[in-house]
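In what follows, a structure is listed as structure tokens, so that the remarks can point back to it.
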Amino acid sequence: MKTIDFKNLLTPAPSNIGRDVHKQLLSLRNIKALELILQSNKEENLNWLGKAIDLLKTCDAAERDHVLNKPYVYLWIEKYKNFTSMGETEKQTWIWKGFVHIFLQLNKRVNPVLESLRLRFTVKPKDIFFLKDMTENQAAKEILVISENNHITFEVEHVLYSFDVHTFHKAFTLPFITNEVFWFEEYVNIASSAELRMNMEITEVVSEDINNSFEEALQLIKISWPEMFAEIDGNIENIVFFNPPGLPFFSDFRVHGTIFACHVARPVVKIAEWLIHEASHNRLNTIMCARPHIFNDMKPIYTSPWRDELRPLYGIYHGCFVHCRVLHFYRLLKKKRATYKGVSMESEIERISEELQLGLSTIEEHASLSPDGEALVHGMQNLVIADSK
């Protein structure tokens with residue numbers, strides 16, 4: 001039996017999914033979640049989900065990752081928690097979206113020939129991707145899905161909407177830096193303003209200046225730390241902009257693989273810092289899905305170097321991980337330049353080093369860690385020491 005190496009967790013993820021055991025385990029976690037949904041709802045219109053699960057089990061690691069480790073799949077699984085309290089049309093809408101974004105995407109990606117099928121759903125027009133201009137208050141409509149000869153046809157009120165492989169895939173292919181993710185409203189509806197610490201509205205237009213500054217930040221990471229850029233490229237699906245005021249950046253496991261960014265101009269090097277920061281939160285969430293790291297409860301009773309309010313140890317543990325990576329980034333930059341467009345590398349290194357010493361001291365004093373957690377904390381301590389020489 002192959003031994004899984006959980007060492008070197010601070011290093012960026014390998015670009016080859018076949019060597020990235022954590023993402024593979026995350027895919028299997030999502031398959032298990034889909035199996036539980038199917039087993040709990042045998043009377044619902046979910047035969048397609050059983051077929052999808054069977055197909056996923058025959059896929060290779062890259063194919064499973066492409067379909068399963070996507071923000072919308074996490075959101076679909078998360079929304080299932082409220083399934084029993086949904087109205088009938090809301091249930092049908094949830095099932096319909098899973099069919100489109102899991103079953104059809106999977107078949108188009110993995111199995112080039114769709115079997116013939118006919119399925120019916122009753123959904124409000126605003127939730128049908130090819131009827132984008134319909135308003136929210138329109139009555140629910142019946143959709144007949146017909147798949148044959150490798151084409152998908154949706155029939156709504158005797159009007160046919162046909163898609164071949166290319167046009168269907170294109171409908172869900174979004175820019176990396178964007179304000180156009182189709183699931184934004186659904187996410188905001190399940191995430192309270194208290195959780196987000198703001199009222200989120202998606203940015204109508206991403207300005208050219210801000211888009212260019214993010215592109216420059218990504219290139220700065222690519223040049224300075226190619227392995228970190230590869231992790232961002234392989235683990236982050238979209239950078240999504242929302243209107244100010246609000247947090248500068250954040251991420252959420254309910255839409256794992258997304259970085260949310262406030263549509264505000266800021267120095268390029270600080271954008272690069274935050275992209276590494278949030279991508280690292282995403283990575284640690286992936287790693288911790290494989291095996292637990294910290295056993296403390298979620299009581300917010302500890303002082304954090306990065307927040308004014310008290311935090312649970314879990315949050316401080318995450319903070320230490322992401323700031324270790326940011327510290328390493330600034331150390332790499334310092335080797336090439338003392339400042340970058342007015343930002344001093346030395347002052348950033350000093351700031352982060354002091355914060356990390358406080359955070360790691362809190363973890364060392366109070367945390368109940370698994371062997372993986374202990375190994376990661378040891379790695380973080382070594383990194384801070386090594387980078388200070």
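All values below were derived from every heavy atom in this structure, side-chain atoms included, with hydrogens, water molecules and symmetry-related copies excluded.
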Original post:
Under 3.5 Å, is there a donor-acceptor pair between the side chain of Q105 and the main chain of V100?
Top reply: no
Subject >> Check: F249 ring centroid to H277 ring centroid under 6.0 Å >> reply: no
Subject >> For the student: nearest non-hydrogen atoms of A217 and A272, plus distance >> reply: CB-N, 3.7 Å
Original post:
Do the side chain of N235 and the main chain of E231 share a donor and acceptor less than 3.5 angstrom apart?
Top reply: yes
Original post:
Take atom CD in E201; do more than 12 heavy atoms of anything else shown fall under 6.0 Å from it?
Top reply: no
Subject >> side-chain contact (heavy atoms from CB on, under 4.5 Å) between L275 and I239, worked out >> reply: CA-CA 9 Å; L275 291 176; I239 300 169; 3.8 Å; yes
**OP:** Keeping the roles fixed (side chain from T203, backbone from F242), state whether a donor-acceptor pair exists under 3.5 Å.
**Re:** yes
Original post:
Are F321 and H293 near enough that their ring centres are under 6.0 Å apart?
Top reply: no
Subject >> E195, CD atom: more than 12 neighbouring heavy atoms under 6.0 Å >> reply: yes
Original post:
Quick one: do K334 and E348 make a salt bridge, cutoff under 4.0 Å?
Top reply: no
Original post:
Which class fits the ring pair F154 and F129: parallel under 30°, tilted 30 to 60°, perpendicular over 60°?
Top reply: perpendicular
**OP:** Could you label the plane-to-plane angle of the F260 and F250 rings as parallel, tilted or perpendicular, counting under 30° as parallel and over 60° as perpendicular?
**Re:** parallel
**OP:** Report the C-alpha distance between T258 and Y187 in whole Å, list the side-chain angles of each, state the deciding distance to 0.1 Å, and finish with yes or no for side-chain contact (heavy atoms from CB on, under 4.5 Å).
**Re:** CA-CA 12 Å; T258 298; Y187 169 65; over 6 Å; no
**OP:** Kindly say whether G257 contributes a backbone atom to a donor-acceptor pair with the side chain of E237 at under 3.5 angstrom?
**Re:** no
Original post:
Below 6.0 angstrom between ring centroids: does that apply to H328 and W225?
Top reply: yes
**OP:** Say whether, by atom type as modelled, one donor and one acceptor occur between the side chain of R325 and the main chain of T11 under 3.5 angstrom.
**Re:** yes
Subject >> Worked check of side-chain contact (heavy atoms from CB on, under 4.5 Å) between H256 and L26 >> reply: CA-CA 11 Å; H256 189 59; L26 187 56; 3.8 Å; yes
**OP:** Could you walk me through whether Y314 and M288 pass the side-chain contact (heavy atoms from CB on, under 4.5 Å) test, one step at a time?
**Re:** CA-CA 11 Å; Y314 179 89; M288 291 175 72; 3.5 Å; yes
Original post:
Which heavy atom in C59 sits nearest to a heavy atom in L106, and how many Å separate them?
Top reply: SG-CD1, 4.2 Å
Original post:
Do side-chain atoms of W94 reach the backbone of W76 as a donor and acceptor pair under 3.5 angstrom?
Top reply: yes
Original post:
Are side-chain heavy atoms of P267 and K341 found at a separation under 4.5 Å?
Top reply: no
**OP:** Name the orientation class of the two ring planes belonging to H323 and W306 (parallel below 30°, tilted from 30 to 60°, perpendicular beyond 60°).
**Re:** parallel
